[in-house]
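Read the structure below first, then the notes.
Quick note: numbers below take in every heavy atom, side chains included, and nothing from hydrogens, waters or symmetry partners.
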Amino acid sequence: MSSVRIECVASEGYRIGESPVWDEKEGELLYVDITGRKVCRWSPLTRQAQAIAVDAPVSSVALRKSGDYVITLGTRFAALKWNEGLVTTITQVDKDKANTRFNDGKVDPAGRYFAGTMAEEIRPAVLERHQGSLYTLFPDLSVVKHFDQVDISNGLDWSLDHRTFFYIDSLSYSVDAFDYDLQTGKIGNRRSIYKLEKEESIPDGMCIDTEGKLWVACYDGGRVIRLDPETGKRLQTVKLPVDKTTSCCFGGKDYSEMYVTSASDGMDKEWLSRQPQAGGIFKITGLGVKGIPPYPFAG
């Protein structure tokens, strides 16, 4: 694929850039800096990023049907009013645990917000194991816990027919699938559909394209990979100029551009001098596939 082009569009050097989401109404890219405690919005028109500071690690952001956004903040689901910079707590999880926080989250096709937790890291990807859980915030603002014993709750998306839920627990080095009931939001029958190769390192954020193939950002692997969930085969690898690629989404006017977030936390001076764009936001064009618009939270 010689037509693939990679450009660093925001070189702010975010600590842990994550959860890119295309906001079609604004024509801008939403994302967070987890340890930098910021929710950000980048405009392709001005080529500038705006940021709202928050009071805890913020790990995912999603559109909201009624306007503005919902975020996962510390161990809270919260609402964010962008223009006022106002954050209000919706509900809290993991009340019995002192040192967990939310990680990746995404809204399902019925408008439910799925997000999981993990232990606070000692160093990047070094943490107390099995402390996390996977939750859903329903449109009526109730919360359901699906399972616990999670290491690093990460990438999530749904098949185009909405009958399969894809999920990553990073330290399992696996992309998993569940049967999905769109009516109830229930998941079951977990199985692994892809195990990462050594050089691909740690699976992180994920998104799906209009052909039903998955794109997975590989943390410490410096790449995004395209997988066929039916065959379990890797179809394509796109390498980036930074090692700590964290997540990906499709965006732009027709969802033909891919945006990839990255991190700089855990890199020493020498490493950063070799990868000056670490923590940047990247745009990939020429992939020849498109993505689907993100679903908004219905509550």
> After noting the C-alpha distance and the side-chain angles of D33 and R15, does the key distance pass the salt bridge (charged side-chain N to carboxylate O under 4.0 Å, His left out) rule?
Replying inline: CA-CA 6 Å; D33 181 352; R15 290 181 59 188; 5.8 Å; no

> Within a strict 4.5 Å, meaning less than it, do heavy atoms of the I34 and P57 side chains meet?
Replying inline: yes

>> Listing request: all ring pair (Phe, Tyr, Trp, His ring centres under 6.0 Å) pairs with a residue in residues 74-97, at least two apart in sequence or in separate chains.
In response: F77-F102, F77-Y113

> Between Y173 and E200, does any side-chain donor sit less than 3.5 Å from a side-chain acceptor?
Replying inline: no

> Does V87 reach the side chain of I71, with side-chain heavy atoms less than 4.5 Å apart?
Replying inline: yes

>> The criterion is side-chain hydrogen bond (donor to acceptor under 3.5 Å, both in side chains); which residues satisfy it with Q149, sequence neighbours excluded?
In response: none

> When clusters are formed by joining ILVMFWY residues with side-chain heavy atoms under 4.5 Å apart, either directly or through shared neighbours, do V260 and V32 land in the same one?
Replying inline: no

> For D268, which residues count as a salt bridge (Lys or Arg N to Asp or Glu O under 4.0 Å) partner, sequence neighbours excluded?
Replying inline: none

>> So, applying side chain to side chain contact (heavy atoms under 4.5 Å, CB included) with I225, which one of K239, Q236, R234 is it?
In response: R234

Could you list the donor-acceptor pairs under 3.5 angstrom formed by side chains in residues 277-296, with sequence neighbours left out?
from	atom 1	to	atom 2	distance (Å)
Y295	OH	H162	NE2	3.3

> Does any non-hydrogen side-chain atom of V39 lie less than 4.5 Å from one of L80?
Replying inline: yes

> Of all heavy-atom pairs between R64 and A79, which one has the smallest distance, and what is that distance?
Replying inline: NH1-CB, 3.3 Å

> Mind checking whether W215 and V242 sit in one hydrophobic cluster, side chains of I, L, V, M, F, W, Y counted as touching below 4.5 Å?
Replying inline: yes

> Could you give the distance from OH (Y219) to CD1 (I16), rounded to the nearest 0.5 Å?
Replying inline: 6.5 Å

> Is there a chain of hydrophobic side chains (I, L, V, M, F, W, Y, each step under 4.5 Å between heavy atoms) that links Y180 to L160?
Replying inline: no

> Does one side chain, of S60 or S19, offer a donor that lies under 3.5 Å from an acceptor on the other?
Replying inline: no

>> Within the structure provided, determine whether P139 and R112 are in side-chain contact (heavy-atom separation under 4.5 Å).
In response: yes

> Around E270, counting heavy atoms of other residues, nucleotides and ligands shown, do more than 12 lie under 6.0 Å from its CD?
Replying inline: yes

> How many angstroms lie between atom CG of N99 and atom OG1 of T117, to the nearest 0.5 angstrom?
Replying inline: 10.0 Å

> Is it true that atom CD of E230 has more than 12 heavy atoms of other residues, nucleotides or ligands lying nearer than 6.0 Å?
Replying inline: no

> So with a 6.0 Å cut-off around NZ of K195, is the heavy-atom count from everything else above 12?
Replying inline: yes

>> My understanding is that only residues two or more places apart in sequence, or in another chain, count here; which of them pass salt bridge (Lys or Arg N to Asp or Glu O under 4.0 Å) with D157?
In response: K106

>> I'd like to check L171 versus L127 (side-chain heavy atoms, cut-off strictly below 4.5 Å). Are they in contact?
In response: yes

> Nearest heavy-atom pair of L156 and N154: which atoms, and what distance?
Replying inline: CD2-O, 2.8 Å

> R191 and D179: which non-hydrogen atoms are nearest, and at how many Å?
Replying inline: NH1-OD1, 2.9 Å

>> How close do P124 and G266 get, counting heavy atoms only, and between which atoms?
In response: CG-CA, 3.7 Å

> Is any side-chain N of the basic residue among E12 and R47 closer than 4.0 Å to the acidic one's carboxylate O?
Replying inline: no

> Would you say L29 and V21 are hydrophobically clustered, going by side-chain heavy atoms of ILVMFWY under 4.5 Å?
Replying inline: no

> Can you tell me how far OG1 of T136 sits from CG of D108, rounded to the nearest 0.5 angstrom?
Replying inline: 7.5 Å

> Looking only at heavy atoms, which two atoms of I187 and F114 are closest? And how far apart?
Replying inline: CG2-CE2, 4.5 Å

Enumerate donor-acceptor pairs with a distance under 3.5 Å from any side-chain N or O in residues 247-254 to protein atoms, sequence neighbours excluded.
from	atom 1	to	atom 2	distance (Å)
D254	OD1	S256	N	3.2
D254	OD1	S256	OG	2.7

> Are L134 and L182 grouped together when hydrophobic residues (ILVMFWY) are joined by side-chain heavy atoms under 4.5 angstrom apart?
Replying inline: yes

> Has R123 got more than 12 heavy atoms of other residues, nucleotides or ligands less than 6.0 Å from its CZ?
Replying inline: no

>> In the structure I gave you, are the side-chain heavy atoms of P229 and K213 within less than 4.5 Å of one another anywhere?
In response: yes

>> Take a 6.0 Å sphere around NZ of K145 and say whether it holds more than 12 heavy atoms from other residues, nucleotides or ligands.
In response: yes

> Do F178 and H146 make the cut of ring centroids closer than 6.0 angstrom?
Replying inline: no

>> Run the salt bridge (Lys or Arg N to Asp or Glu O under 4.0 Å) test against R76 and tell me which residues pass, sequence neighbours left out.
In response: D55

> Can you tell me how far the OG atom of S170 sits from the CG atom of D104, to the nearest 0.5 Å?
Replying inline: 8.5 Å

> Looking at W22, Y14, Y259, which hits ring pair (Phe, Tyr, Trp, His ring centres under 6.0 Å) with Y31?
Replying inline: Y14

>> Using side-chain heavy atoms (C-beta onward) and a distance below 4.5 Å, is I168 in contact with M206?
In response: yes

> Can you list the residues that meet the side-chain contact (heavy atoms from CB on, under 4.5 Å) rule with T75, with sequence neighbours excluded?
Replying inline: Q92, V93, D94, T100

>> Between N103 and S59, is the side-chain hydrogen bond (donor to acceptor under 3.5 Å, both in side chains) condition met? List the steps.
In response: CA-CA 5 Å; N103 201 39; S59 59; 5.3 Å; no

> Is S192 close to Y194 at the side-chain level, that is, under 4.5 Å between some pair of heavy atoms?
Replying inline: no

>> Please report the interatomic distance CG(L196) to SG(C218), rounded to the nearest 0.5 Å.
In response: 5.0 Å

> What distance do L272 atom CG and M267 atom CE have between them, rounded to the nearest 0.5 Å?
Replying inline: 4.5 Å

>> For the backbone of D243 and the side chain of Q275, can you confirm whether one donor and one acceptor N or O come within less than 3.5 Å of each other?
In response: yes

> For Y69, what residues pass the side-chain hydrogen bond (donor to acceptor under 3.5 Å, both in side chains) criterion, not counting sequence neighbours?
Replying inline: D23, R41

> Do W158 and F166 make the cut of ring centroids closer than 6.0 angstrom?
Replying inline: no

>> Going by the rule side-chain hydrogen bond (donor to acceptor under 3.5 Å, both in side chains), which residues pair with S66 if we only count those two or more places apart in sequence or in a different chain?
In response: none

>> If I compare all heavy atoms of G13 with all of S264, which pair ends up nearest, and what's the gap?
In response: O-OG, 3.7 Å

> Sequence neighbours excluded, which residues qualify as side-chain hydrogen bond (donor to acceptor under 3.5 Å, both in side chains) partners of Q131?
Replying inline: E128

> Do T261 and T246 get their side chains close enough for a donor-acceptor pair, meaning under 3.5 Å?
Replying inline: yes

> Residues in salt bridge (Lys or Arg N to Asp or Glu O under 4.0 Å) with R190, at least two apart?
Replying inline: D176

